[in-house]
Amino acid sequence: MEAENKGKGLMAPQDLATNLTALVVDDDKLTRMLHQKLLNKAGVKNHAVENGKEAVDIHRSAQSFDMILMDKDMPIMNGIEATKKLRSMGIGSMIIGVSSSSKEEEIREFMEAGLNDYKVKPFTFTMLSSILDKINS
């Protein structure tokens with residue numbers, strides 16, 4: 001649509017992410033809502049699913065995202081399994097693990113599954129901004 005492209009050269013800082021998309025993968029409804037609210041505030045179009053299997057399935061249906069916020073501990077398929085599966089499917093999206101665990105060995109296992117980054121909950125706007133800076137650079 002023409003109206004959406006109007007004034008693209010004069011973007012305000014919070015509009016840097018307007019063309020980016022994100023997938024929120026978390027079994028906790030409140031967490032999904034909070035993450036989506038942060039993404040909306042940053043101008044990132046987003047979608048949310050409840051577990052890793054849904055994240056894999058949505059990519060199998062040919063949808064893709066610039067970034068994926070992936071929880072670690074979920075039913076059906078956890079974040080480690082889902083990240084490994086997405087990487088084996090050739091998904092090159094930036095995958096950020098967002099979990100409450102600060103145990104080094106758990107974080108290392110999650111990172112080794114194919115994460116680009118890991119953040120300890122609560123996920124904040126500052127964390128999101130640093131990720132968006134990496135994507136946009």
Side-chain angles (χ1 to χ4, degrees):
M1 285 191 228
E2 227 169 279
E4 285 181 13
N5 294 325
K6 193 173 180 184
K8 282 281 189 214
L10 305 168
M11 288 192 234
Q14 70 271 21
D15 293 331
L16 288 173
T18 49
N19 291 325
L20 295 178
T21 57
L23 179 65
V24 176
V25 187
D26 200 299
D27 60 320
D28 183 75
K29 184 177 183 177
L30 180 60
T31 301
R32 285 193 310 271
M33 288 170 43
L34 290 171
H35 290 179
Q36 286 189 286
K37 190 171 185 174
L38 286 174
L39 291 162
N40 288 336
K41 183 178 174 186
V44 178
K45 294 177 191 78
N46 61 81
H47 184 76
V49 295
E50 295 181 27
N51 60 63
K53 183 182 182 318
E54 290 181 14
V56 169
D57 289 347
I58 201 167
H59 282 85
R60 280 196 177 124
S61 71
Q63 277 192 270
S64 64
F65 302 88
D66 297 300
M67 79 171 131
I68 301 168
L69 301 179
M70 181 75 72
D71 186 26
K72 186 170 89 57
D73 298 312
M74 297 177 287
I76 304 172
M77 183 184 285
N78 68 35
I80 293 171
E81 294 172 66
T83 301
K84 286 179 180 176
K85 184 67 179 165
L86 290 170
R87 292 302 190 210
S88 75
M89 292 166 56
I91 303 301
S93 307
M94 181 175 279
I95 304 178
I96 298 93
V98 184
S99 189
S100 53
S101 177
S102 56
K103 294 181 184 167
E104 200 174 304
E105 63 275 7
E106 289 183 18
I107 295 170
R108 185 173 50 249
E109 181 186 14
F110 203 1
M111 286 296 296
E112 287 171 357
L115 294 182
N116 296 91
D117 202 351
Y118 180 87
K119 305 291 182 190
V120 177
K121 289 178 183 175
F123 190 64
T124 64
F125 193 77
T126 303
M127 291 174 182
L128 176 59
S129 294
S130 73
I131 293 164
L132 294 177
D133 287 345
K134 287 177 189 172
I135 291 173
N136 286 321
S137 61

Could you walk me through whether Asp27 and Arg32 pass the salt bridge (Lys or Arg N to Asp or Glu O under 4.0 Å) check? CA-CA 8 Å; Asp27 60 320; Arg32 285 193 310 271; over 6 Å; no

Salt bridge (Lys or Arg N to Asp or Glu O under 4.0 Å) between Asp26 and Lys121: does it pass, once the steps are laid out? CA-CA 12 Å; Asp26 200 299; Lys121 289 178 183 175; 2.9 Å; yes

Given the rule that I, L, V, M, F, W and Y join up when any side-chain heavy atoms are under 4.5 Å apart, are [X] and [Y] in one cluster?
X      : Y      : value
Ile80  : Val120 : yes
Ile91  : Val49  : yes
Ile68  : Val44  : no
Phe125 : Leu132 : yes
Leu39  : Ile135 : yes

Is there a side-chain contact between [X] and [Y], using heavy atoms and a 4.5 Å cut-off?
X      : Y     : answer
Phe123 : Leu34 : no
Met89  : Arg60 : yes
Asn46  : Leu69 : no
Leu128 : Met67 : yes
Asp66  : Leu20 : yes

side-chain hydrogen bond (donor to acceptor under 3.5 Å, both in side chains) involving Arg108 - partner list, sequence neighbours excluded: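 Here no residue qualifies.
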
Please report the C-alpha distance between Val98 and Met70 in whole Å, then the side-chain angles of each, then the deciding distance to 0.1 Å, and finally whether the side chain to side chain contact (heavy atoms under 4.5 Å, CB included) criterion is met. CA-CA 6 Å; Val98 184; Met70 181 75 72; over 6 Å; no

Got a sec, which pairs hit side chain to side chain donor-acceptor pair (under 3.5 Å) with one end in residues 95-104, sequence neighbours left out?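 Those involving residues 95-104 are Ser101-Glu106.
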
Short side-chain donor-acceptor distance under 3.5 Å, Asp73 and Asn78: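 Per modelled atom types, Asn78 and Asp73 side chains form no pair under 3.5 Å.
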
In terms of side-chain geometry, is the basic nitrogen of Lys53 or Asp57 positioned less than 4.0 Å from the acidic oxygen of its partner?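 Yes, charged N to carboxylate O under 4.0 Å.
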
State which residue, out of His59, Met94, Lys45, fulfils the side chain to side chain contact (heavy atoms under 4.5 Å, CB included) condition with Phe65.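 Exactly one option meets the side chain to side chain contact (heavy atoms under 4.5 Å, CB included) with Phe65, and it is His59.
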
Tell me if a side-chain donor or acceptor on Asn116 pairs with a main-chain N or O of Ile95 at a distance below 3.5 Å.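 Here the side-chain-to-backbone pair exists.
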
So, Thr83 side chain and Gly114 main chain: donor-acceptor pair closer than 3.5 Å or not?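 Answer holds: no.
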
Begin from the C-alpha positions of Tyr118 and Leu115 and carry the test side chain to side chain contact (heavy atoms under 4.5 Å, CB included) through to its verdict. CA-CA 7 Å; Tyr118 180 87; Leu115 294 182; 4.1 Å; yes

Partner residues of Lys119 under the salt bridge (Lys or Arg N to Asp or Glu O under 4.0 Å) criterion, sequence neighbours left out: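 Expected list: Asp117.
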
